[in-house]
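See below for the structure under consideration.
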Amino acid sequence: FYIKYNNLLILSSEIKAILAFLPDEKKINEKSIFKFISRGWADTNEETFFKNIKRLPASSLLNFSLNQIKVKKYWKLKFEKTINFDKKNFSKIFKENISLHLNSDVPIATTLSGGLDSSSITSISSDLLGKSKSPHAFSIIPPHTVDESKLINEMIRNLNIEHTYCNLSEVNIVKTFDQVILAHDEPFLSSCAFYQYILRKLISELGYKVLLVGEGGDELLGGYRRMIYPYLYSLKQEGKNSIINSTLDKLESFLGIPKKDAIINFSNYSRMIEVGESGQENIEAYSYLDDSFLKKYHALLKAPSYPIKKGRKENRFLSHLIYHIFDRDIPYTLRTEDRNSMAHSLESRVPFLDHVFAQFVFNHNFVEFMYEGINKSMLRRSMLGNLPNLILKNKKKYGRPGNNSYFVYELLCEKIIRMIDSDIFDDFNWFKRNNLKSRFLMDKDAFNEKSSSFWFRYYVLGRWIALKIA
């Protein structure tokens with residue numbers, strides 16, 4: 001993070017250090033607030049939540065001379081060749097990548113969710129380190145989320161490794177919530193960041209200093225359900241109709257919907273691309289925002305969720321993945337991972353986002369990523385023989401740990417009501433004031449899942465202002 005102040009350039013790995021030096025720079029970046037509260041976007045460019053403080057983008061360098069700041073890229077993904085998938089070679093490169101990230105003179109821990117990514121890292125790490133030095137795996141299963149303990153326990157039995165579940169019964173939710181905000185310097189989007197903070201606190205308390213995590217696997221390898229429609233669209237662009245049909249035939253176990261519904265969704269996606277709609281998944285927040293606030297940043301409401309960058313001719317699927325990695329998901333994901341781990345003096349490593357491995361993955365023909373309608377197909381095929389079938393054959397995609405609805409309607413309900421009644425947002429023309437409280441109570445009674453994302457961000461924003469700005 002950096003700020004130009006008079007003839008000085010002030011830099012820090014955390015915003016709080018800059019604010020300690022320049023307390024008057026706690027000026028809010030309203031544009032970042034709008035993107036955060038309306039669309040759930042954060043860390044999407046060099047702007048932060050503070051008006052004059054910038055972040056240096058990934059794989060970029062900053063040149064400061066004669067009071068001028070120039071930022072330029074020093075690395076980017078290249079598309080020089082296209083290779084077909086080879087199980088033996090992919091497995092070899094993946095293991096070499098994990099081996100590199102296991103370099104350490106202290107014991108290593110891993111997170112284990114029961115999903116393919118964390119299970120693959122834990123399995124290969126255990127195999128490479130040997131029984132006596134196998135990593136200690138840690139898991140957290142928050143209340144009212146999908147219980148993946150069956151998958152986790154299968155991995156523990158299969159590898160015969162040390163494992164600890166995080167106990168949430170003694171956590172002070174409100175006090176810890178503020179600690180997470182202070183650690184992050186900027187607002188965070190969901191309860192996942194809260195639970196990941198608690199898990200890393202436990203890992204640190206048990207004496208571990210190095211942690212391997214599975215972040216980036218979905219973005220790099222094609223893990224999300226929503227990626228299947230850009231994938232089908234790219235197949236259509238290249239005239240691969242037979243692959244489209246075979247993919248549609250095998251999608252039900254991945255998407256959890258009948259083939260006919262997948263076809264309808266694909267048709268809707270294609271229409272959205274052709275007419276240039278934004279493709280936003282959740283527009284619930286708009287109805288809570290002040291009309292003048294919406295009007296001021298109207299262009300952001302219409303911005304495509306996954307735009308094709310001007311001058312680019314990659315297919316739609318690869319463009320989506322790249323946008324996830326460099327613009328939308330990963331910058332925010334790595335910020336939260338870094339803050340949550342370093343708050344507890346943990347060095348967190350993310351093997352899936354190693355630049356050499358990422359380049360290797362993107363050298364493959366795009367058809368391989370979701371081959372026959374299977375998410376993360378290349379990793380899944382390469383891990384045959386290394387993971388239990390229960391893990392390999394599980395195509396369901398669960399969200400990161402946490403449940404926003406439970407968090408806001410149960411754990412934080414009274415706090416949110418008091419926040420609505422308070423003057424915390426009086427200086428900002430962001431929210432409709434007349435019926436905000438009644439809307440929240442209606443959403444609570446209905447346990448409105450879509451609206452819960454807005455209310456979670458509303459509470460985070462209020463606490464952030466109270467802690468960082470006041």
Side-chain angles (χ1 to χ4, degrees), residues 13-14 58-59 75 90-140 152 155-166 183-184 192-193 195-221 325 330-331 333-361 379 382-383 386-387 391 400-401:
S13 60
E14 294 190 57
S59 62
W75 178 88
F90 193 98
S91 179
K92 173 179 172 288
I93 298 296
F94 182 58
K95 287 180 180 180
E96 288 175 354
N97 179 37
I98 300 298
S99 178
L100 179 70
H101 288 80
L102 290 174
N103 284 330
S104 172
D105 56 3
V106 295
I108 288 177
T110 66
T111 53
L112 184 61
S113 68
L116 182 64
D117 300 334
S118 63
S119 295
S120 296
I121 290 174
T122 302
S123 175
I124 298 300
S125 298
S126 179
D127 183 50
L128 292 172
L129 291 173
K131 189 171 180 61
S132 63
K133 295 183 179 179
S134 289
H136 189 134
F138 290 84
S139 306
I140 187 167
I152 294 169
M155 277 298 300
I156 298 166
R157 284 192 296 269
N158 187 266
L159 297 176
N160 192 26
I161 58 173
E162 289 187 88
H163 175 267
T164 302
Y165 279 108
C166 183
H184 280 242
C192 169
Y195 289 116
Q196 299 288 28
Y197 176 93
I198 293 171
L199 182 61
R200 280 142 188 79
K201 182 174 187 288
L202 169 65
I203 295 169
S204 177
E205 287 173 347
L206 291 179
Y208 290 90
K209 296 294 183 183
V210 176
L211 175 68
L212 268 63
V213 299
E215 302 290 11
D218 287 308
E219 290 81 3
L220 181 70
L221 293 156
I325 293 169
I330 292 302
T333 298
L334 290 184
R335 186 251 287 186
T336 57
E337 180 61 45
D338 179 67
R339 294 297 175 272
N340 282 337
S341 58
M342 290 310 296
H344 305 296
S345 300
L346 268 175
E347 179 191 326
S348 184
R349 300 176 180 177
V350 282
F352 283 111
L353 295 174
D354 177 87
H355 71 288
V356 175
F357 182 66
Q359 182 63 71
F360 166 71
V361 169
L379 179 63
S382 74
M383 291 302 294
N386 290 98
L387 293 178
I391 306 289
R400 290 183 171 96

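Computed from a predicted model, the values in this text were never measured in an experiment.
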Below 4.5 Å, heavy atoms only, C-beta onward: do E96 and F357 meet side chain to side chain?
no
Kindly say whether L116 contributes a backbone atom to a donor-acceptor pair with the side chain of S120 at under 3.5 angstrom?
yes
Polar contact flag, side-chain donor to acceptor under 3.5 angstrom, T122-T110
yes
State whether the side chain of S341 and the backbone N or O of E337 hold a donor-acceptor pair below 3.5 Å, judged by distance alone.
yes
Side-chain (N97) to main-chain (I93) donor-acceptor, under 3.5 angstrom:
no
First locate atom CG of D218, then atom CG of L379, and finally report the distance between them rounded to the nearest 0.5 Å.
10.0 Å
Contact between I108 and L211 at the side-chain level, heavy atoms closer than 4.5 Å - yes or no?
no
State whether the side chain of S345 and the backbone N or O of M342 hold a donor-acceptor pair below 3.5 Å, judged by distance alone.
no
For the CG atom of L112 and the CD1 atom of I121, what is their distance to the nearest 0.5 Å?
10.5 Å
Answer with yes or no whether the side chains of H136 and T164 bring together a donor and an acceptor at under 3.5 Å.
yes
Nearest heavy atoms of S125 and P135, plus distance in Å
CB-CG, 3.9 Å
Validation row: H184, N340 side chains within 4.5 angstrom (heavy atoms)
yes
For F360, give me all partners under ring-ring contact (aromatic ring centres under 6.0 Å, His included), at least two apart in sequence or on another chain.
F90, H364
So, for H101 and L212, which heavy atoms are closest and what is the spacing to 0.1 Å?
O-CD1, 3.6 Å
With the side chain counted from C-beta on, respond yes when Q196 and K201 share a heavy-atom pair under 4.5 Å apart, and no when they do not.
no
Short side-chain to backbone donor-acceptor contact, S204 and H344, under 3.5 Å:
yes
Ignoring hydrogens and angles, tell me if any N or O in the side chain of R335 forms a donor-acceptor pair with the backbone of P331 under 3.5 Å.
no
Per-pair distances, 0.1 Å, donor-acceptor, side chain in residues 156-163, under 3.5 Å, sequence neighbours excluded:
unit_1	atom_1	unit_2	atom_2	d
R157	NH2	E154	OE1	3.0
H163	NE2	S139	OG	2.7

Min side-chain heavy-atom separation F138-C166 under 4.5 Å:
no
Which heavy atom of I140 sits nearest a heavy atom of Y195, and at what distance?
CD1-O, 3.4 Å
Heavy-atom closest pair, residues K95 and L128:
O-CD1, 3.7 Å
Which pair of heavy atoms, one from G115 and one from I391, lies closest together, and at what distance?
O-CG2, 4.3 Å
Can you tell me how far the CE atom of M383 sits from the OG atom of S91, to the nearest 0.5 Å?
7.5 Å
Against K209, only a single residue in I203, V106, D105 fulfils side-chain contact (heavy atoms from CB on, under 4.5 Å); can you say which?
V106
Full working for side-chain hydrogen bond (donor to acceptor under 3.5 Å, both in side chains) between S118 and S113
CA-CA 6 Å; S118 63; S113 68; 3.2 Å; yes
Just wondering, do V213 and D117 contact through their side chains at under 4.5 Å, heavy atoms?
no
Please check: side-chain N/O of S123 versus main-chain N/O of N386, any donor-acceptor pairing under 3.5 Å?
yes
Are any non-hydrogen side-chain atoms of F352 and V361 less than 4.5 angstrom apart?
no
Under 4.5 Å between any side-chain heavy atoms of T336 and Y197, yes or no?
no
Separation of I330 CD1 from E219 CD (nearest 0.5 Å)
3.5 Å
